Amino acid sequence: MTVRTRFAPSPTGYLHIGGARTALFSWLQARHCGGQFVLRIEDTDRERSTEPAVQAILDGMRWLGLDWDEGPFYQTQRFDRYREVIEQLLQSGHAYRCYCSREELDAMRSAQQARGEKSRYDGRCRERSEPRPGVEPVLRFRMPRTGTTAVEDRVRGRVNFANDELDDLIIARSDGSPTYNLTVVVDDMDMGITDVIRGDDHLNNTPKQINIFNALGAKVPAFAHLPMILGPDGAKLSKRHGAVGVMQYREEGFLPGALVNYLVRLGWAHGDQELFSRAEMIEMFDIADVNHSASAINTGKLEWLNQHYVKQADTESLAAELAWQLARLDIAASPDPGKLKLVVAAQRERVKTLAEMAENSRFFFRRPTDYEPKAARKNLKREAEPLLAAVRCELAGLQPWQAEAIHAAVVAVAERASVKLGKVAQPVRVAVCGGAVSPPIDATLAILGREETLARIDRARKWIASQVESA
RNA sequence: GUCCCCGUCGUCUAGCGGUCCAGGACUCCGCCCUUUCACGGCGGCAACACGGGUUCGAGUCCCGUCGGGGACGCCA
């Protein structure tokens, strides 16, 4: 039988890191088994579901490269089907009408808690045949009262639930609309899902759903419940602690490959291996190897991975991403696309993220308006002026304008002045970059061009002179 | 409260009864390299929650305690 998995988010917000990991593992399971991956949007809660959220989920999936074979299916478009199944359940006696008011239910629950019981619907309408005038009933599923329901979980093993712990859940609201536990079952059944992979928080729903599958005479799929993902502090993921949409990771300069690699190692491992290509993770992934315990997200490790991926990525796509990052800094990309690639080549080994690359590359596209005070104080001193002058002189007629020749010129100035290379390179660096950090000075000047380099050196010399005057 | 799940370095993890005075990775700290920032190289710190069993032998199996999490909705 071919494996079919699904990712079934409810569109009430962006695709966050936990959802992304669930989607990844489902996708991996399908790809590993040569099966299909289905995307389903669980939007039955019309109050909270939004179209932008659907878009954000789709965008996130695509950005991560998690392609789906079928869907997206929308539950709101399947209401006729749910009604049909609800009717069927009613006919077969697996469902019944409940006329209890919310007040009545609340009272029942608090009484149960007071008695030290688990709060659950006690089935008081189970045998009721008379409608209550003026009350639109909800429909409840008749759970077995005795025995146990075993969940054979691919990551947890067997988990047993006493049937009397399960309650007669509502499958249709008083307005007739279906609820979650019914729609998942109907969809998983209709869509031929063989492997349900989802978050830990659904483990408790599973025995209820199994009973619905049974009532419908459907084959029960295999389940795998993934451990939660926690915030960096080990606490539950919240808006304040890392619960951001995956697209925000792009904004922060992360590559999708790095995020995916990071995510796959959260709750799963293959020996000591840290780096996985897509092909490798597909080949090596085994749902049975998934961990049992929750894991905390850790930006440091993601950054390390990102750095690795930035070093590996092809220049072309990094250049495009850098242009995007520069645009966010209000810097229009260079009219010369070749320059972008040169900048990428010069910076790729020295940054963790593309946002950082863009930030550190501003000076390639804009003449610095002022100097970093600390860097200037240290490097643009009076003694530096003659050195800058000498470098300017060497550079003015240098042929060809290439890193190698520039390097030789700078070295020559240092040797002639009997100073260490840094004494010359640093002032030049601050002069052209505005700060003390840049790629090697020869490569930097090569990219900047002769004209711009000389102009910036001149400007720095003037600045030194003005400082001396005012001193 | 009730039910369910979980518990190895700060973090991600390897470990599936002996090969573990517990291995790798990130972080951190030294040293080397170095024109800045990085990269890279070398070295270091750091953990089996606790208590009982089972066994010749337990991080690995069982029980309990403690700690953490999840679920208990006309949300999904």
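Given the structure is predicted, the values throughout are model-derived calculations rather than measurements. Atom set for the values below is all heavy atoms of this structure, side chains included, hydrogens, waters and symmetry mates excluded. Every chain is numbered from 1, with letters handed out A, B, ... down the list of sequences.
- As judged by a 4.0 angstrom heavy-atom cut-off over every strand, A:Asn205 is placed among the base-contacting residues.
- B:C61 and B:G7: their P atoms are spaced 10 Å apart (whole Å).
- Under the Watson-Crick and G-U wobble criteria, each requiring two contacts below 3.5 Å, nucleotide B:C26 is paired to B:G10.
- Distances from the side chain of A:Asn204 to the nucleotides B:U35, B:A71, B:C5 place B:A71 closest.
- Distances were taken from every side-chain heavy atom of A:Phe161 (C-beta onward) to each of B:C37, B:U8, B:C3; the shortest belongs to B:C3.
- Nucleotides B:U11 and B:G30 place their P atoms 23 Å apart, quoted to the nearest Å.
- Shown here, B:C62 is classed anti by the O4'-C1'-N9-C4 or O4'-C1'-N1-C2 angle, which is more than 90° from 0.
- Comparing B:U27 with B:U65, their P atoms are spaced 41 Å from each other, to the whole Å.
- Across all strands shown, A:His270 has no heavy atoms under 4.0 Å from either base or sugar-phosphate atoms.
- In this entry the distance linking NE2 of A:His407 with C1' of B:U34 reads 12 Å, nearest Å.
- When the C1' atom is used for both B:C6 and B:C21, the distance is 28 Å, rounded to whole Å.
- As rounded to whole Å, 18 Å separates atom P of B:C4 from atom CD of A:Gln209.
- Minimum atom distance to the side chain of A:Ser174 is reached by B:C74, of the listed B:U36, B:C74, B:A76.
- Residue A:Asn298 is classed as a sugar-phosphate contact, given heavy-atom separations below 4.0 Å to backbone atoms only.
- One interatomic measurement links the two molecules: CG of A:Asp289 to P of B:U13, which rounds to 13 Å at whole-angstrom precision.
- At the heavy-atom level, A:Lys423 lies nowhere under 4.0 Å from the strands shown.
- You'll find a donor-acceptor pair under 3.5 Å spanning the side chain of A:Glu274 and the base of B:G24, going by distance alone.
- Using a 3.5 Å distance cut-off with no hydrogens or angles, the side chains of A:Thr5 and A:Asp195 do not pair a donor with an acceptor.
- Within the nucleic acid shown, A:Glu165 comes within 4.0 Å of sugar-phosphate atoms alone, with no base atom in reach, counting heavy atoms only.
- In A:Arg115, the CZ atom is crowded: over 12 heavy atoms of neighbouring residues, nucleotides or ligands sit closer than 6.0 Å.
- Note: CZ (A:Arg350) to P (B:U35) measures 13 Å, nearest angstrom.
- Distance CG (A:Leu230) to C1' (B:G69): 8 Å, rounded to an integer number of Å.
- Checking the phosphate oxygens (OP1, OP2) of B:A14, a side-chain nitrogen or oxygen of A:Asn291 falls inside 4.0 Å.
- Summarising the geometry of A:Gln402 relative to A:Ala446, their closest heavy-atom pair is C-CB, 4.4 Å, with the distance given to 0.1 Å.
- Using the Watson-Crick or G-U wobble rule with both distances under 3.5 Å, B:C45 pairs with nothing in any strand shown.
- Looking at which nucleotide of RNA chain B each of A:Gly300 and A:Trp268 is closest to, the 5′-most match is held by A:Trp268.
- Listed nucleotides B:C5, B:A76, B:C74 differ in distance to A:Ile170; the shortest reach to its side chain belongs to B:C74.
- Nucleic acid contact for A:Ala436: base, since at least one base atom lies under 4.0 Å from a heavy atom of the residue.
- The side chain of A:Val138 sits closest to B:C74 out of B:C74, B:U36, B:C12.
- In this structure, A:Arg461 and A:Leu388 approach most closely via the heavy-atom pair CG-CB, 4.0 Å.
- Look at the P atom in both B:G51 and B:C66: the space between them is 15 Å, to the nearest Å.
- In the set B:C39, B:U13, B:C74, B:C39 carries the atom at the smallest distance from any side-chain atom of A:Gln307.
- In this structure, NZ of A:Lys208 is placed 14 Å from C1' of B:C74, rounded to the nearest angstrom.
- Between A:Trp304 atom CH2 and B:U11 atom P the separation is 19 Å, expressed in whole Å.
- Panel note: side chain A:Ser361, backbone A:Phe364; no donor-acceptor pair is recorded below 3.5 Å.
- Heavy atoms of other residues, nucleotides or ligands lying less than 6.0 angstrom from CZ of A:Arg348 number more than 12.
- Going from the P atom of B:A38 to that of B:C48 covers 34 Å, rounded to whole Å.
- Side-chain atoms of A:Arg140 lie closest to B:C74 of the nucleotides B:C74, B:G1, B:U13.
- Within the nucleic acid shown, A:Arg115 has no heavy atom closer than 4.0 Å to any nucleic acid atom.
- Listed nucleotides B:C12, B:U36, B:C5 differ in distance to A:Lys301; the shortest reach to its side chain belongs to B:C12.
- Ranking B:U36, B:G7, B:G73 by closeness to the A:Gln426 side chain, first place goes to B:U36.
- The interatomic distance linking A:Asp200 (CG) with B:G69 (P) rounds to 13 Å, in whole Å.
- In this structure, A:His94 and A:Phe141 have parallel ring planes: the angle between them is below the 30° cut-off, well short of the 60° mark.
- In this structure, B:A71 forms a base pair with B:U2, meeting either the Watson-Crick or the G-U wobble geometry with both donor-acceptor distances under 3.5 Å.
- A:Ile441 comes within 4.0 angstrom of a nucleotide base, judged by non-hydrogen atoms across all strands.
- B:G40: Watson-Crick or G-U partner is B:C32, with both key distances under 3.5 Å.
- Under 4.0 angstrom from either OP1 or OP2 of B:U11 there lies no side-chain N or O belonging to A:Arg265.
- Below 30°, between 30° and 60°, or above 60°: for A:Phe213 and A:Phe223 the angle between ring planes is above 60°, a perpendicular geometry.
- Atom C1' of B:G53 sits at a distance of 28 Å from the matching atom of B:G69, rounded to the whole Å.
- Counting any heavy atom pair closer than 4.0 Å across all strands shown, A:Pro227 reaches no nucleic acid atom.
- Using a 4.0 Å cut-off, no side-chain N or O of A:Lys311 falls inside it from OP1 or OP2 of B:A38.
- Checking B:C21 for Watson-Crick or G-U wobble geometry (two distances, each under 3.5 Å) identifies no partner in any strand.
- Among B:A76, B:C12, B:C72, the nucleotide with an atom closest to any side-chain atom of A:Ala296 is B:C12.
- Backbone-only engagement by A:Arg156 is indicated by non-hydrogen atom pairs under 4.0 Å involving sugar-phosphate atoms exclusively.
- Across all strands, A:Ser293 comes closer than 4.0 Å only to sugar-phosphate atoms, never to a base (heavy-atom distances).
- A side-chain donor from one of A:Arg429 and A:Gln426 sits under 3.5 Å from a side-chain acceptor of the other.
- Looking at heavy-atom distances under 4.0 Å, A:Thr44 makes contact with sugar-phosphate atoms alone, never a base.
- The main-chain N or O of A:Tyr99 is found under 3.5 Å from a side-chain atom of A:Arg132 such that the two form a donor-acceptor pair.
- Between A:Val159 and A:His202, it is A:Val159 whose nearest contact on RNA chain B lies nearer the 5' terminus.
- The base of B:U35 is paired with the side chain of A:Arg429 by a donor and an acceptor separated by under 3.5 Å.
- Within the 4.0 angstrom heavy-atom criterion, only backbone atoms of the sugar-phosphate kind lie near A:Ser295; the bases stay farther away.
- Going from the P atom of B:A46 to that of B:A22 covers 10 Å, rounded to whole Å.
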